Every structure is written in C-alpha cells, then in structure tokens.
Colleague: 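I am attaching a structure below and will ask some questions about it afterwards.
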Amino acid sequence: MPSSLRSALAGLLLAAAVAMPALADGLKDEIAPTGKLRVAIAISPAGGAFWSTKTEAGYAGVPVDLGKEMAARLGVGVEYIVHQNSGQITDAAGKGTLEKGAWDVTWLPKDPERETRMMFGPIYEVADATYIVKPGSSVTNFASLDQPGIKVAAVNATTTMRGAVAHLKNAEVTGYQTYDEIFSLLKSGEIDAFALSRDQLNKMAQKIPGTKVLDETFKKTVTAVAVPLGHSQALAFVTKFMTDATTNGTLRKAYDNNGLKDSPIRTE
C-alpha cells in the first residue's frame with residue numbers, strides 16, 4: 001500500500017475514533033443532561049403496559065424496568081419523575097432542562113395532540129378502550145350509555161378521555177386526576193361509567209362486584225416511547241432501544257415482571 005494511501009487511511013481512522021466519543025457525549029448531553037436519565041412515570045394501581053406503581057422498594061412497572069435498562073445502556077443513573085397521569089407527563093414535556101418535573105424519556109399513550117408536544121418512537125402496546133358501568137346499572141351497550149344525564153369519568157387530559165369525548169354525543173364526560181378517585185366514585189355509584197383500556201377495566205370489575213365491562217370498543221389506544229421535541233439524537237437512540245428490546249426479550253421480561261405474563265406484546 002502506498003505511503004500516501006496509508007496516511008490517508010490512518011487519518012480517517014483517527015477522525016472516526018475522535019468523532020465516536022464526541023457523538024456519544026452529544027447523545028448523553030441531550031438525553032441525560034443532568035447526568036441521570038429522568039424517566040417520567042404515572043402512578044396507579046391500574047397496572048398494564050403504561051401505569052407504574054409505588055412499592056416499598058421504590059417503583060415498579062413496565063416503564064420502570066425499561067427506564068432502568070435504558071439508563072444502564074447509556075452508562076448513567078436513572079431517576080423517576082412521578083406524575084398522576086399521562087396528561088401531566090404531557091404538560092411537563094415542554095419544561096426547560098432544569099425545571100422541576102422535566103423529564104428525558106417516557107412511555108405513554110400516543111395520539112395526534114401529543115405528537116405536537118413530543119416525539120414518539122415505536123409503539124409497543126395496542127389496547128382496546130371501552131367503559132365499565134357501575135353496580136346495578138341498566139346500561140348494557142354504547143347506545144344505552146350515551147344518554148343525557150349519564151355521567152362518565154376518565155383520567156383527565158388523556159388519550160382515552162379525548163376519545164370518550166369524541167365518542168359520546170349525549171352523556172357527560174368528566175376528567176379526574178387519578179384512577180383511585182374514579183375507582184371510589186364508581187364503587188359508590190356517584191358516576192355511571194369509567195372509560196379506560198379493557199384489560200385494566202377487567203381487573204377493576206374483579207374488585208367491584210356488580211360492575212360490567214361493555215363488550216364494544218370505542219378506540220384503539222397505542223402506547224409508545226417518547227422524548228421531548230427537538231431531541232433528534234435521543235429519538236434515534238430510544239427507537240433503536242425499543243426495536244432491540246422487542247426482539248431480544250427485554251420488553252417481554254418487563255411484561256412478565258409486572259404481572260403481564262399472559263399479555264401479548266402488540267405493535268402496529
């Protein structure tokens with residue numbers, strides 16, 4: 001090999017060696033600017049692929065496990081930023097890096113409104129949204145539910161609430177901040193129905209005798225990884241992470257560890 005070619009090749013290799021750490025540092029600056037990966041989670045006993053729970057040891061849930069694994073891959077610590085629902089996570093998406101409540105990555109339901117406020121990677125869960133009706137209710141289907149005077153609850157500012165508002169033309173849809181509050185209202189009969197994903201409502205029905213989950217579905221709720229707007233390097237990283245997690249068993253393990261062993265991983 002001519003010396004000039006060897007010199008050129010050596011120069012290219014040196015440039016690549018210098019550029020690779022710089023790229024890695026740039027990614028960390030964008031996805032973990034505080035030195036930790038701040039993972040936004042929503043706390044509720046509802047379970048499923050989105051909700052997390054508070055435990056004696058800290059937090060548990062699919063997003064908790066995925067956040068921990070992602071931080072390990074980045075070589076940084078993890079910090080969980082706790083919210084009551086996905087609407088609050090959405091509201092915090094535009095916060096400055098050092099503002100209280102700011103986050104770096106999250107996993108939450110996706111819809112067109114949220115796509116204007118954050119950037120989404122691959123979908124990893126597709127769920128059917130429907131309603132559960134209170135004990136003793138005469139409501140048996142969507143037609144008998146969508147009547148004047150019927151009170152339907154949803155978790156405030158969520159994709160499910162927006163779907164219920166669009167779906168019901170006569171019933172009144174009201175948003176509440178927490179799952180627990182709605183659970184109590186349904187159990188006491190102060191509301192007629194609750195809009196949420198079918199798998200979560202089926203679990204709720206086991207805890208409140210006499211309730212009924214309606215057979216019909218009013219929307220498909222899709223859940224995906226997300227980063228704040230403008231974080232293109234972070235989006236590329238989380239997209240690859242979730243693609244890998246789906247194929248290498250990381251996502252399946254997160255499901256299995258959080259009571260979802262019988263739940264298939266559903267992607268679009």
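Since the model is a prediction, treat every value here as computed from it, not as a measurement.
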Colleague: Are the aromatic rings of Phe183 and Phe194 close, with centres under 6.0 Å apart?
Modeller: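 Judged by ring-centre distance (under 6.0 Å), Phe183 and Phe194 do not meet the cut-off.
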Colleague: With Ile89, which of Ile81, Ile41, Leu108 fulfils side chain to side chain contact (heavy atoms under 4.5 Å, CB included)?
Modeller: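 The single option meeting the side chain to side chain contact (heavy atoms under 4.5 Å, CB included) with Ile89 is Leu108.
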Colleague: Working to the nearest 0.5 Å, report the span between CG of Asn85 and OH of Tyr179.
Modeller: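 If we round to the nearest 0.5 Å, Asn85:CG and Tyr179:OH are 14.0 Å apart.
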Colleague: Using atom types as modelled and distance alone, determine if a side-chain donor or acceptor of Ser44 lies under 3.5 Å from a backbone N or O of Trp51.
Modeller: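 Here the side-chain-to-backbone pair does not exist.
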Colleague: May I ask you to check whether over 12 heavy atoms, not counting those of Asp262, lie within 6.0 Å of atom CG?
Modeller: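 Atom CG in Asp262 is not packed in, count stays at 12 or less.
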Colleague: Is the count of non-hydrogen atoms from other residues, nucleotides or ligands lying under 6.0 Å from Lys95 atom NZ greater than 12?
Modeller: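 Counting neighbours around NZ of Lys95, more than 12 heavy atoms of other residues, nucleotides or ligands fall under 6.0 Å, so yes.
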Colleague: Ring-plane angle category for His167 and Phe218, please: parallel below 30°, perpendicular beyond 60°, tilted otherwise.
Modeller: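 His167 vs Phe218 ring planes: parallel.
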Colleague: Salt bridge check, Asp199 against Lys203: does any charged N sit closer than 4.0 Å to a carboxylate O?
Modeller: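 Between Asp199 and Lys203 there is no salt bridge, as every charged N stays at least 4.0 Å from the carboxylate O atoms.
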Colleague: Does Lys261 make a cation-pi contact with Tyr255 (under 6.0 Å, within 45 degrees of the axis)?
Modeller: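 No - Lys261 does not lie over the ring of Tyr255 by the 6.0 Å and 45° rule.
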Colleague: Closest heavy-atom contact between Ala127 and Ser197?
Modeller: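 Heavy atoms only, the tightest pair is CB-CB, 4.0 Å.
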Colleague: Whether the Arg114 and Thr159 side chains hold a donor-acceptor pair (N or O, under 3.5 Å, no angle test) is what I'd like checked.
Modeller: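 Judged by distance alone, the side chains do not pair up.
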Colleague: Is there a donor-acceptor contact under 3.5 Å linking the side chains of Thr90 and Arg117?
Modeller: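 Judged by distance alone, the side chains do not pair up.
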Colleague: Ignoring hydrogens, what is the shortest heavy-atom contact between Met161 and Val155? Give both atom names and the distance.
Modeller: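 Smallest heavy-atom distance, with atoms named: CB-O, 3.5 Å.
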Colleague: Please check if atom NZ in Lys240 has more than 12 non-hydrogen atoms from other residues, nucleotides or ligands closer than 6.0 Å.
Modeller: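 Atom NZ in Lys240 is not packed in, count stays at 12 or less.
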Colleague: Hey, what do you get for OG1 (Thr178) to CD1 (Ile43), rounding to the nearest 0.5 Å?
Modeller: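 Rounded to the nearest 0.5 Å, the OG1-CD1 separation comes out at 12.0 Å.
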